[in-house]
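Some notes on the structure that comes next.
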There are 2 protein chains.
Amino acid sequence: MTADISGVPPSPRRGRPGYDQETVLRRAIDLFNRQGYDGTSMGDLAKELGFTKSAIYHHVPSKSHLLEQALDEALDGLAHALAAARAESGVTANERLRHAVRGSVMVLVDHLPAVTLLLRVRGNSEVESQALERRRHIDDALAEMVEAAVAEGALRNDLPPAMISRLLFGMVNSLVEWVRPDGRYDAEALADMVTTVAFDGLTR
Amino acid sequence: MTADISGVPPSPRRGRPGYDQETVLRRAIDLFNRQGYDGTSMGDLAKELGFTKSAIYHHVPSKSHLLEQALDEALDGLAHALAAARAESGVTANERLRHAVRGSVMVLVDHLPAVTLLLRVRGNSEVESQALERRRHIDDALAEMVEAAVAEGALRNDLPPAMISRLLFGMVNSLVEWVRPDGRYDAEALADMVTTVAFDGLTR
DNA sequence: ACGTTCACTGACCGTTCGGTCAGTGTGGGA
DNA sequence: TCCCACACTGACCGAACGGTCAGTGAACGT
């Protein structure tokens with residue numbers, strides 16, 4: 001945070017080499033997803049990293065700071081994808097919505113651990129509550145896009161638009177429950193399948 | 001548990017009146033869903049109930065026992081709905097699948113707090129791991145039903161059946177994130193909307 | 001009026017939590 | 001070779017955790 005102001009140091013490294021913030025964060029997010037944030041102690045994380053608990057605090061100020069960085073990563077990605085879809089001009093509202101869905105899937109796959117963590121947040125602490133509110137804004141904007149596509153006549157109007165939005169993005173978000181970076185499906189293929197099923201349905 | 005063996009006592013009640021196990025369980029599940037299981041202390045639950053922490057242990061043997069009862073309630077409900085759908089004869093595999101989806105939505109709405117808790121379990125303790133395995137069996141059976149409907153020619157075959165199953169029940173399960181017992185939508189209407197969107201798609 | 005039943009209290013247990021701090025030793029730059 | 005930046009250790013802190021237990025007092029049957 002404050003250290004960034006001084007800029008990137010010209011010398012590559014000094015003193016004894018070791019872990020960096022980023023590695024600690026990535027491992028922490030993985031553990032949080034496996035055991036839950038509250039179910040993961042800093043001792044657990046230390047064991048995972050192979051050194052003592054106090055060493056963690058050499059890299060990171062607090063447990064909640066790790067959570068905050070992870071949630072910001074996910075929220076920034078989703079907000080960016082949403083903004084890109086909304087900014088498109090010269091296309092129908094329905095096409096913008098499809099791009100928003102596609103963009104959401106891409107971010108979800110690209111930042112899978114962080115987004116997974118975000119979708120499990122319950123608003124227990126101040127950090128979680130703020131993340132929840134940012135997420136609500138994103139969801140509201142997506143619901144607006146659905147509404148526009150319905151008003152345009154592209155989507156079915158026998159269901160409330162809010163319901164459509166919830167089912168659609170409920171399906172998208174459920175990807176975090178089983179998608180793994182195996183290479184079984186890449187983000188593109190996944191986005192295609194989700195949009196196909198959502199817009200055209202399961203029936204042959 | 002062991003007290004049930006003696007059967008229902010003939011006298012309605014003795015001594016000082018107070019809470020019963022069921023009330024404690026209901027309140028516990030609500031709290032677990034609001035704050036997470038690990039994020040909820042027995043002290044929190046005591047405060048919610050309006051008496052001391054030690055009083056809880058007069059009704060309930062342990063924190064994990066509360067979780068176990070909740071998860072069993074959800075799993076029993078889902079397993080029952082699944083079995084009912086599978087047992088139907090004289091109908092197509094596709095119709096059995098639709099009934100399974102409908103039944104899942106009904107159970108989800110009927111036992112909303114318990115099912116919500118189940119869908120958030122991460123396998124941290126022995127109780128959670130066993131619940132996770134029971135859930136996996138149910139998911140496998142549902143995937144088989146999807147496969148049968150695809151083989152029958154009723155569902156699209158340009159996507160892997162396993163993928164269809166995951167997206168379909170990902171959408172169903174996402175209901176726990178926003179459905180509330182307001183009376184805004186009853187279980188029937190909800191089941192109709194979900195099946196409509198899933199099978200026929202969003203496009204008009 | 002009395003005695004029994006029983007929901008409930010308050011002090012307490014050992015353990016684990018997130019976090020602190022005064023060292024320790026390693027390795028690159030000069 | 002010396003120096004010092006720096007990653008890291010181990011003992012420790014107060015608080016909170018799940019759970020225990022010897023009481024206490026209220027309400028019923030008799």
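Because the structure is a prediction, the values reported are computed rather than measured. Note on naming: letters A, B, ... go to the chains in the order of the sequence lines (proteins, then strands), and numbering restarts at 1 for each one.
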Between dG19(C) (P) and Lys63(A) (NZ): distance, integer Å: 8 Å
Please give, in whole Å, the distance from dG25(D) P to His58(B) NE2? 17 Å
Check for a donor-acceptor pair, side chain of Asn94(A) on one end and backbone N or O of Ala149(A) on the other, with a separation under 3.5 Å. no
Bend angle of the helix from dA1(C)-dT30(D) to dA30(C)-dT1(D), from helix axes over five pairs at each end, nearest 10°: 10°
Who passes side chain to side chain contact (heavy atoms under 4.5 Å, CB included) against Asp182(B), sequence neighbours left out? Arg180(B), Arg184(B)
His65(A) NE2 to dG19(C) C1', in whole Å, measures 15 Å
Expressed as a whole number of angstroms, how long is the span from Ile56(B):CD1 to dC8(C):P? 11 Å
Can you tell me the distance, in whole Å, between the NZ atom of Lys47(B) and the P atom of dT9(C)? 14 Å
So which atom in Ala141(B) and which in Leu82(B) form the shortest heavy-atom distance, rounded to 0.1 Å? CB-CD2, 3.6 Å
Name the one of Asp30(B), Thr40(B), Leu31(B), Val24(B) that satisfies side chain to side chain contact (heavy atoms under 4.5 Å, CB included) with Glu48(B)? Leu31(B)
Closest-nucleotide 5' rank along DNA chain D - winner of Asp44(B) and Pro61(B): Asp44(B)
Pick base, sugar-phosphate or nothing for Ser64(A), based on heavy-atom distances below 4.0 Å to the nucleic acid. nothing
Which atoms of nucleotides 10-14 of chain D (N or O only) lie under 3.5 Å from a protein N or O atom, and what are those distances?
residue	atom	partner	partner atom	Å
dG10(D)	N7	Ser54(A)	OG	3.3
dG10(D)	O6	Ser54(A)	OG	2.5

Taking atom types as modelled, is there a side-chain donor on Ser174(A) or Glu177(A) under 3.5 Å from an acceptor on the other? no
Once you round it to whole Å, what is the distance between P of dG18(D) and CG of Leu67(B)? 13 Å
Looking at dC8(D), I'd like to know if its phosphate oxygens (OP1 or OP2) sit under 4.0 Å from a side-chain N or O belonging to His59(A). yes
Applying a 4.0 Å non-hydrogen cut-off, can you work out what Tyr57(A) is touching in the nucleic acid: base, sugar-phosphate, or nothing? base
Report yes or no: is the cationic atom of Lys63(B) (NZ for Lys, CZ for Arg) under 6.0 Å from the centre of the six-membered ring of Tyr37(B), at an angle within 45° of the ring normal? yes
Quickly work out the Asp20(A) CG to dC8(D) C1' distance and round it to whole Å. 15 Å
Short question: side chain of Asn173(B), backbone of Phe169(B) - any donor-acceptor pair under 3.5 Å? yes
Electrostatic pair Arg96(A):Glu88(A) at N-O distance under 4.0 angstrom: no
Length of the CE-P vector between Met42(B) and dT20(D), whole Å: 10 Å
Treating Thr203(B) as the side-chain partner and Phe199(A) as the backbone partner, does any N or O pair qualify as donor plus acceptor under 3.5 Å? yes
